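We use all heavy atoms of the structure for the numbers below, so side chains are in, but hydrogens, waters and symmetry mates are not. Since we're looking at a predicted model, the values are computed, not measured. Residue numbers start from 1 in every chain, and the chains themselves are labelled A, B, ... in the order their sequence lines are given, proteins ahead of strands.
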Protein chains: 2
Amino acid sequence: MRLVIAQCSVDYVGRLDAHLPMADRLILIKADGSVSIHADDRAYKPLNWMTPPCTFEESAIEDIDGEDTGEKLWLVENPKGEQLRITIAAIHQDIDMELGEDPGLVKDGVEAHLQELLAEHIETLGEKYSLVRREYPTAIGPVDIMAKNAENEFVAVEVKRRGGIDGVEQLTRYLELLNRDDLLAPVHGVFAAQEIKPQARTLAEDRGIRCVVLDYQELRGIESNELRLF
Amino acid sequence: MRLVIAQCSVDYVGRLDAHLPMADRLILIKADGSVSIHADDRAYKPLNWMTPPCTFEESAIEDIDGEDTGEKLWLVENPKGEQLRITIAAIHQDIDMELGEDPGLVKDGVEAHLQELLAEHIETLGEKYSLVRREYPTAIGPVDIMAKNAENEFVAVEVKRRGGIDGVEQLTRYLELLNRDDLLAPVHGVFAAQEIKPQARTLAEDRGIRCVVLDYQELRGIESNELRLF
DNA sequence: ACATGAATTTCGGCG
DNA sequence: CGCCGAAGTTCATGT
């Protein structure tokens, strides 16, 4: 990892064209070969970058008379021919440090995990609910969770972290298909998400689909409480 | 902008839970208050981060006996209560630098620009093609470009940077609607993108929609050539 | 390798 | 302020 704070201008030519006028910025050169250029804002997003694989080449910039201007051109290029051209006017800091390979991130709470938790605690949807199976297969793709309600009727559940119109449309297609099967009908629908957008809720309820807001911490809490009982 | 290279472990509790075991990493603290944690890989993407607005607080970590362990806890928290807890075991580098406000990025070549260029050079679609208007309004949303072909028939054009199934479906809906209007029918369809996925192409051609791959550099080149003529 | 779909998506535009 | 859709999306997964 090399960190360079420098006065620089940048041009990107590739999937689009972009230009950054001369200013002080951080240039981050990682061991994977990637280069990214950060300003002191825009949170974690760089102004410009090049992802590996790519090559890095430094050259001196000469003026019309062939005199060295003291400026450097850093040319970063990938095999597709996309280029990042960094003109370095002055370097304020330049540090290099070996970090070694990172153990990596352990995530917990994405959609797959929500589905898992809800399947384990299907009674969150109502008393006497029981799980039929996760990823219940249909001709147009798997339903996230298939369950049965207290009346022993089928309930198809679509799980999302953020529930939008798309998810409702998806569930609607499943319900339409499933309800054509006399062995299953009537199949009810539940749209379950950590966050449900108003439009999605309206559309869902309009179609007789019940909306359930999932509380991830609470679902996890149920597990913790169960554990505490032992 | 503060750059800290440190041996640290990180826990994020918020929209999901995530954990990073102890290792050497770069911690980037920007003037906007954002904090991001980078490893020496994963290109420009940080392992973990917190976007502003958020608060930063440092405290000493004590062991069970109340003895200072020498470790520090950096607690980054946003108003929603999401937390980034960084345990600092050792600091290898710590530099601080004022960068000032960035002039910002000039972009050129995104979808809006593709649409603009194609509208200006509608003959790219065929000889004698003429532009009716961009963002041609319909009840279900605007058609990117409405044109007429050499036979003076309407042609609805959907412009995408990357053409997938969705774009074809969208154009199909427009065409269905537009062709119900006797004043417009027959309306032909053109699916224009910098890159068209095979499945999208198959679907489009199956529906009688013509696929056109746009070359951004070439469209720009036309402009350059025109300029050169003057 | 390619297509599909989630992401702490982010980001910007428009209403 | 919230919805909607693009993004140099990126990233992981399944086929």
Side-chain angles (χ1 to χ4, degrees), chain A residues 10-18 34-37 41-52 54 76 78 80-84 104-105 107-115 135 141-142 144 159-167 170 193-203 216, chain B residues 10-18 34-37 41-52 54 76 78 80-84 104-105 107-115 135 141-142 144 159-167 170 193-203 216:
Chain A
V10 183
D11 283 282
Y12 166 75
V13 182
R15 279 170 276 190
L16 51 65
D17 289 4
S34 66
V35 177
S36 44
I37 293 138
D41 57 2
R42 289 164 181 76
Y44 73 82
K45 195 162 197 204
L47 293 162
N48 227 321
W49 69 92
M50 184 69 76
T51 48
C54 58
V76 186
N78 71 10
K80 282 180 239 163
E82 297 174 3
Q83 285 186 343
L84 203 57
L105 189 69
K107 279 186 191 179
D108 191 27
V110 288
E111 180 180 314
H113 201 240
L114 274 178
Q115 191 195 113
E135 302 289 346
D144 286 342
V159 181
K160 285 267 176 285
R161 212 184 62 74
R162 286 171 50 188
I165 297 271
D166 286 359
Q170 197 179 336
Q194 271 191 301
E195 177 200 336
I196 296 178
K197 293 184 184 178
Q199 279 200 352
R201 176 180 289 274
T202 305
L203 182 64
Y216 172 65
Chain B
V10 183
D11 284 281
Y12 167 74
V13 182
R15 281 168 279 190
L16 51 64
D17 288 6
S34 66
V35 177
S36 46
I37 294 138
D41 57 2
R42 288 163 181 76
Y44 72 83
K45 196 167 196 201
L47 294 162
N48 225 322
W49 69 91
M50 183 71 75
T51 48
C54 57
V76 186
N78 71 10
K80 283 180 237 165
E82 296 173 5
Q83 286 185 342
L84 203 57
L105 189 70
K107 277 187 189 179
D108 190 26
V110 289
E111 181 181 314
H113 200 240
L114 273 178
Q115 191 197 112
E135 303 290 346
D144 287 342
V159 181
K160 285 266 175 287
R161 213 187 61 74
R162 284 171 50 189
I165 297 272
D166 286 358
Q170 197 179 337
Q194 272 192 299
E195 178 200 334
I196 295 178
K197 293 184 181 176
Q199 281 199 351
R201 177 180 288 275
T202 305
L203 181 65
Y216 173 65

Between Glu82(A) and Arg42(B), just flag the one whose closest nucleotide in DNA chain D comes earlier from the 5' side.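 The answer here is Glu82(A).
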Without decimals, in angstroms, what is the distance between [X] [atom1] and [N] [atom2]?
{"X": "Lys107(B)", "N": "dC11(C)", "atom1": "NZ", "atom2": "P", "value": "10 Å"}
{"X": "Tyr44(B)", "N": "dC11(C)", "atom1": "OH", "atom2": "C1'", "value": "12 Å"}
{"X": "Asp108(A)", "N": "dA12(D)", "atom1": "CG", "atom2": "P", "value": "17 Å"}
{"X": "Trp49(B)", "N": "dC11(C)", "atom1": "CH2", "atom2": "P", "value": "10 Å"}
{"X": "Glu135(B)", "N": "dG5(D)", "atom1": "CD", "atom2": "C1'", "value": "12 Å"}
{"X": "Leu47(B)", "N": "dT10(D)", "atom1": "CG", "atom2": "P", "value": "17 Å"}
{"X": "Gln170(B)", "N": "dG5(D)", "atom1": "CD", "atom2": "C1'", "value": "9 Å"}
{"X": "Asn48(B)", "N": "dA7(C)", "atom1": "CG", "atom2": "C1'", "value": "13 Å"}

What nucleotide among [options] has an atom nearest to a side-chain atom of [X]?
{"X": "Val110(A)", "options": "dA3(C), dA7(C), dG8(D)", "answer": "dA7(C)"}
{"X": "Glu111(B)", "options": "dA7(D), dG8(D), dT10(C)", "answer": "dA7(D)"}
{"X": "Leu105(A)", "options": "dA7(D), dG8(D), dT8(C)", "answer": "dT8(C)"}
{"X": "Lys197(A)", "options": "dT10(C), dG8(D), dC3(D)", "answer": "dC3(D)"}

Step by step, work out the side-chain contact (heavy atoms from CB on, under 4.5 Å) result for Val10(A) and Leu47(A). CA-CA 10 Å; Val10(A) 183; Leu47(A) 293 162; over 6 Å; no
If the condition is side-chain contact (heavy atoms from CB on, under 4.5 Å), which residues does Thr51(B) pass it with, not counting sequence neighbours?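 Residues passing side-chain contact (heavy atoms from CB on, under 4.5 Å) with Thr51(B): Ala43(A), Tyr44(A), Trp49(B).
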Identify, with sequence neighbours excluded, every residue that meets side-chain contact (heavy atoms from CB on, under 4.5 Å) alongside Glu111(A).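 Glu111(A): side-chain contact (heavy atoms from CB on, under 4.5 Å) contacts with Asp144(A), Lys160(A).
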What interatomic distance, in whole Å, is found between [atom1] of [M] and the corresponding atom of [N]?
{"N": "dG8(D)", "M": "dG5(C)", "atom1": "P", "value": "23 Å"}
{"N": "dA6(D)", "M": "dA7(C)", "atom1": "C1'", "value": "15 Å"}
{"N": "dC11(D)", "M": "dC11(C)", "atom1": "P", "value": "15 Å"}

Residues within residues 10-18 of chain B bordering DNA chain D, heavy-atom distance below 4.0 Å: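 Under 4.0 Å from DNA chain D: no residue of residues 10-18 of chain B.
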Looking at Lys45(A), does any N or O in its side chain come under 4.0 Å of the phosphate oxygens OP1/OP2 on dC11(C)?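 Result: no.
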Verify side-chain contact (heavy atoms from CB on, under 4.5 Å) between Tyr216(A) and Asp108(A), making sure each step is shown before the conclusion. CA-CA 10 Å; Tyr216(A) 172 65; Asp108(A) 191 27; 3.1 Å; yes
Please examine the side chains of Arg162(B) and Gln194(B), heavy atoms only from C-beta on, and report whether any two atoms are closer than 4.5 Å.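 Result no, sub-4.5 Å side-chain heavy-atom pair not found.
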Mind listing the closest non-hydrogen atom pair of Met50(A) and Asn78(A) along with its distance?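 Distance-wise, the nearest heavy atoms are SD-ND2, 3.8 Å.
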I'd like to know whether Gln83(B) forms a side-chain contact (heavy atoms from CB on, under 4.5 Å) with Val76(B), so could you lay out the CA-CA distance, the side-chain angles of the two residues, the decisive distance to 0.1 Å, and finally the verdict. CA-CA 6 Å; Gln83(B) 286 185 342; Val76(B) 186; over 6 Å; no
